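Here the structure is laid out as structure tokens; the discussion comes afterwards.
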Amino acid sequence: MQSQYQPARIEQDAQQHWDSTGAFLAPDQPTGKPKYYCLSMFPYPSGKLHMGHVRNYTIGDVVTRFHKMRGYDVLQPMGWDAFGLPAENAAMANGVPPAKWTYDNIAYMKKQLKALGFAIDWDREIATCRPEYYKWNQWLFLRMLEKGIAYQKTGTVNWDPVDQTVLANEQVIDGRGWRTGALVEKREIPMYYLGITKYAEELLAALDTLPGWPERVRTMQANWIGKSVGVKLGFPYTLEGKSEVLRVFTTRADTLMGVTFCAVAAEHPLAAHAAKGNPALAAFIDECKRGAVMEAELATQEKKGMATGLTVNHPITGEAVPVWVGNYVLMSYGEGAVMGVPAHDERDFTFAKKYSLAIKPVIEVGGMTYSTEAWQAGYSDYGRCISSGKYDGLDYQAAVDAIAADLGAKGLGEKQTTWRLRDWGISRQRYWGCPIPLIHCDSCGVVPVPDDQLPVKLPEDLVPDGTGNPLNKHAAFLNCACPKCGQPAKRETDTMDTFVDSSWYYSRYACPDNDKSMVDARVDRWLPVDQYIGGIEHAILHLLYSRFWTKVMRDLGLVKFDEPFRNLLTQGMVLNEIFFRKQGEGRIKYFNPVDIDIRTDEAGKRTAMTLHADGLPVESAGIGTMSKSKNNGVDPQQLVEEYGADTARFFMMFTSPPEMTLLWSDAGVDGSARFLKSLWTFAADYEQTTKPHLAGAPALDAGGKLPEVLAATRREIHQNLKQANYDLGRFQFNTVASACMKMLNALKAAPRTNAAAHARVLEEGLSILLRVLSPITPHICHQLWRDLGLGEDILKASWPEAAASALVQDELELVLQVNGKLRGHIRAAPTASKEDIEALACGHEAVVRLAEGRPVKKVIVVPGRLVNVVV
RNA sequence: GCCCGGGUGGCGAAAUUGGUAGACGCAUCAGACUUAAAAUCUGAAGCUCGUAAGGGCGUGCCGGUUCGAUUCCGGCCCCGGGCACCA
């Protein structure tokens, strides 16, 4: 074998071996082995891989190879989430069609993935921008339309008045368009929606059927769906002689007697009515309607309101309650109107203080009465009604029930369940996406494209210019015949949200070649996904949409499972610093961290940040996840070229556990390179000088005892193996990597007292080490396995388990504490009784010294671990 | 603002069910080898007082429960993710 570790050479050889043997092609016909579907979230082809990809796909590969060696038929596919905004931006910047840019990126990134040696079944590769794929988006959309799950209504978008185009939230910076710097306006336009709220109850309840999902993701989804049970209350009023009712939803009907105002959203009909003949109010409503669409922005803006001059009647007392317009009331949630109870709601309290509205406490908690000068924690807690007439003394539930019953009789109250979840708007006024398969006909209206005319193909040669959707100017796409009446008609030019593409791709991997149907029987073999791996940033949207889409497909009889992902591992983000320069209002240019020079003073404090190319200063926007848009990704290419794929993979796994957020730094990568190099050198030396002693040496455990020093080495190997197997089971790969390092350290330190026994311990140790390490660094392990004559193909080797006989110890070391502080150690046989250990401890020099004659109060013995003597 | 995480040496981290805080590495320092450097090998090291033996402090901050708290409870600070058109 080679005496030097040459990663470039062995990595190429190993990859060729896997390719030529079809090692990672997943068999569609059952082989008698259990199946395991290991899926990593597919990448957006942004140009180059970044470290987040390397982390994600290495985690997936470790899981894949581990299960393969444990005897599963494993499917690990890969594809491309290929539609989206960045391709249009690149197209505008370079004058290249998004399709070309995307396909070039796919080709480059595929090469990078191959160089990393991932155990991927490339025969199943898909790209969502291919008509063979998105045809089925369109087909299923039409089925949803038939079922009433897809429907049309208006939605609000960001409008750039200069470019005359719809902007994504990301393209709005400080309320201005990113290219034009123009103040962004809100616009109402017709859109298509998917009725995810129809599935809200099931999406919430089924979270309990997903024990393999992280608790935090289930919590986030549950909060997002946001089921609240409350009461819809009516406040009657008279308008232009007609009797009307203002409806509000509340989860705190028990505080109804404390209502001192009502607030409606700017879009509420009552606000519009009041604004007639009230220019100040009309101006305020206009102001509320301007600005961004984002919830984060709405929620952080200053709470403002204006009285409408109208009043409604309190449904119990009949008292007049003033109606305000509030910029914090969302038209999209509940009824677009809320009742204001300043004494028991912090937001209402702030609003009431600001506008000098009455504050009326009607709940007491634990007999405490509250002052209403300033808000105190606890004011919004559940308690008993006071100053509430006939409801006095009732607790939360009794009060809600009584009030709902009383108002129900008058038609002014009913119990209701409200969801925070909104239906999914899928229309995008963009070119580079899946066309929505509809046709607009002057006589027939909106007509679905017949199935036999699918897919509606997206032209691939257009270059957008930033002013609206180029499909609107492309006659060949736009003009068509109405499928119903045959008259000239126009195609819908909106495309689908890219979340549609990613909502079902995992099923298509089972049957990527099927041009007759969306899915087939092979989906029943592989799905659901056994282990899904991807960034925590997808905890809500992508994962919720996929769950919804699965349930729709199930209800259409296409798949048999209820949930797509049995187990979920949410990888922590790989972060990096973000550098930028402001270029006029709203416009920002980002620079990659590798192009920034940072100078520091002697104390290590930063004194300057400049762009390498021009030496001029840049600003830091802090730390954020590696992304195309912030231009802070780090290309792993240099790492792979300098050290090899195995070192890159090992370092990624070693540096942090998978779920932890990771601030990128390649400091420490040398240690990983050193370990692999040192493993190679050790193995080569073993092959030369130690392996020959195996001839005639007795097998381990074959009778006869190992010399104690070698038994200790062997014990260390098996202890670390046990730990590694435990850690593989819980996906903590950093400690698997360190267990491998510890094994190598132990083997290096093994004394050569008995040549034959030494050779046996090393042989077993290397065989264990290589197998445990192989999912992380498959190339070097593949080569060494063969070079040391351990077998033909390590992928086909059995997974090692720790041997109980190797773990036996004659004596244990226990920690000795006095009053909870470490004061020494005692040695005892594993079989020693509690009394023996107590006696040993109390007689210990440190205990006698520290007790200073005081009596021993208590002795706590934790078997196998410690003794604590309390004096 | 709301929802969800995280915070441990100079740095990445470990500590499985409340039981030795800092395993394994990086960087550093000292030594060996070398004409020299690189590479490699050996050793030291949380901070602090002390020549040493030994002691005190220490897991973001404040408080609590416990024989014992990185781990459990209450309150706060900072950082990250998500907030529905980035993917």
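Remember, predicted model here, so these are calculated numbers, not experimental data. Throughout, a chain's letter reflects where its sequence line sits, starting with A, and its residues are numbered from 1.
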What distance do Asn745(A) atom CG and Glu716(A) atom CD have between them, rounded to the nearest 0.5 Å? 8.5 Å
Looking only at A13(B), C86(B), C85(B), the nucleotide nearest the Pro86(A) side chain is C86(B)
Can you find a donor-acceptor pair, distance only, under 3.5 Å between Asn223(A) side chain and C3(B) base? no
Just the rounded figure in Å: distance from C1' of C3(B) to CG of Leu298(A). 16 Å
From the set A84(B), G19(B), A23(B), return the single nucleotide nearest to any side-chain atom of Asn868(A). G19(B)
With a cut-off of less than 4.0 Å, is there a side-chain N or O of Arg218(A) near OP1 or OP2 of C3(B)? no
Pick the C1' atom in G6(B) and in A87(B), then give their distance to the nearest Å. 23 Å
Below 4.0 Å: OP1/OP2 of C85(B) and any side-chain N or O of Arg428(A): yes
Lys858(A) NZ to C67(B) C1': how many Å, rounded? 5 Å
Is there a side-chain contact between Thr661(A) and the phosphate of G6(B), meaning an N or O under 4.0 Å from OP1 or OP2? no
Give a yes or no on whether a donor-acceptor pair under 3.5 Å exists between the nucleobase atoms of C2(B), that is its base, and the side chain of Glu295(A). no
Is atom NZ of Lys153(A) surrounded by more than 12 heavy atoms (other residues, nucleotides or ligands) closer than 6.0 Å? yes
Take atom CZ of Arg823(A) and atom C1' of C67(B), then tell me their distance rounded to the nearest Å. 14 Å
Integer angstrom distance from the C1' of C41(B) to that of U48(B): 33 Å
Please tell me if Thr735(A) has a side-chain N or O lying less than 4.0 Å from either OP1 or OP2 of A14(B). no
Which is more 5' along RNA chain B, the nucleotide nearest Ser738(A) or the one nearest Gln723(A)? Just name the residue. Gln723(A)
Atom CZ of Arg216(A) to atom C1' of G5(B): distance rounded to whole Å? 5 Å
Students often mix this up, so state it plainly: with edges at 30° and 60°, are the rings of Phe42(A) and Tyr505(A) parallel, tilted or perpendicular? parallel
Within the structure, does a side-chain N or O atom of Arg674(A) lie under 4.0 Å from either OP1 or OP2 of A27(B)? yes
Quantified in whole Å, what is the P atom distance between nucleotide G5(B) and nucleotide G74(B)? 13 Å
What's Gly425(A) touching, base or sugar-phosphate or nothing? Going by heavy atoms closer than 4.0 Å. sugar-phosphate
Look at Lys857(A) and G68(B) and indicate whether a side-chain polar atom (N or O) is within less than 4.0 Å of OP1 or OP2. no
Look at Gln732(A) and A15(B) and indicate whether a side-chain polar atom (N or O) is within less than 4.0 Å of OP1 or OP2. yes
Should the heavy atoms of other residues, nucleotides or ligands under 6.0 Å from NZ of Lys303(A) be counted, would the total exceed 12? yes
In whole angstroms, how far is the P atom of U20(B) from the CG atom of Leu866(A)? 6 Å
Taking only distance into account, with no hydrogens and no angle test, what donor-acceptor pairs under 3.5 Å do side-chain atoms of residues 661-676 of chain A form with protein atoms, sequence neighbours excluded?
| from | atom 1 | to | atom 2 | distance (Å) |
| --- | --- | --- | --- | --- |
| Ser665(A) | OG | Ala667(A) | N | 3.1 |
| Asp670(A) | OD1 | Tyr643(A) | OH | 2.7 |

If anything within 90° of 0 is syn and all else is anti, what is G9(B)? syn
Base, sugar-phosphate alone, or nothing: which one does Phe654(A) contact when heavy atoms must sit under 4.0 Å apart? base
Pairwise C1' distance, G68(B) and C49(B) [rounded to whole Å]: 26 Å
Between Asp670(A) and Glu813(A), which is nearer to the 5' end of RNA chain B once each is assigned its nearest nucleotide? Glu813(A)
Separation of A13(B) P from Phe650(A) CZ (nearest whole Å): 15 Å
Taking atom P of C86(B) as reference, at what distance in whole Å does atom CG of Asn158(A) sit? 9 Å
So what does Arg420(A) touch, heavy atoms closer than 4.0 Å: a base, only the sugar-phosphate, or nothing? base
Just checking Lys48(A): does its NZ atom have more than 12 heavy atoms from other residues, nucleotides or ligands closer to it than 6.0 angstrom? no
Nearest-Å distance once atom C1' is located in both G55(B) and U16(B): 33 Å
U40(B) versus G46(B) - spacing of their P atoms, nearest Å: 25 Å
Looking at Trp159(A), is Arg187(A) sitting on its ring face, NZ or CZ under 6.0 Å from the six-membered ring centre and within 45 degrees of the normal? yes
Counting the atoms with a prime plus P, OP1 and OP2 as sugar-phosphate, which does Asn745(A) contact under 4.0 Å by heavy atoms, base, sugar-phosphate, or nothing? sugar-phosphate
P atoms of C47(B) and G9(B), separation to the nearest Å: 12 Å
How many whole angstroms separate atom CG of Leu85(A) from atom C1' of C86(B)? 7 Å
For atom C1', what is the distance between G58(B) and C2(B), given to the nearest Å? 36 Å
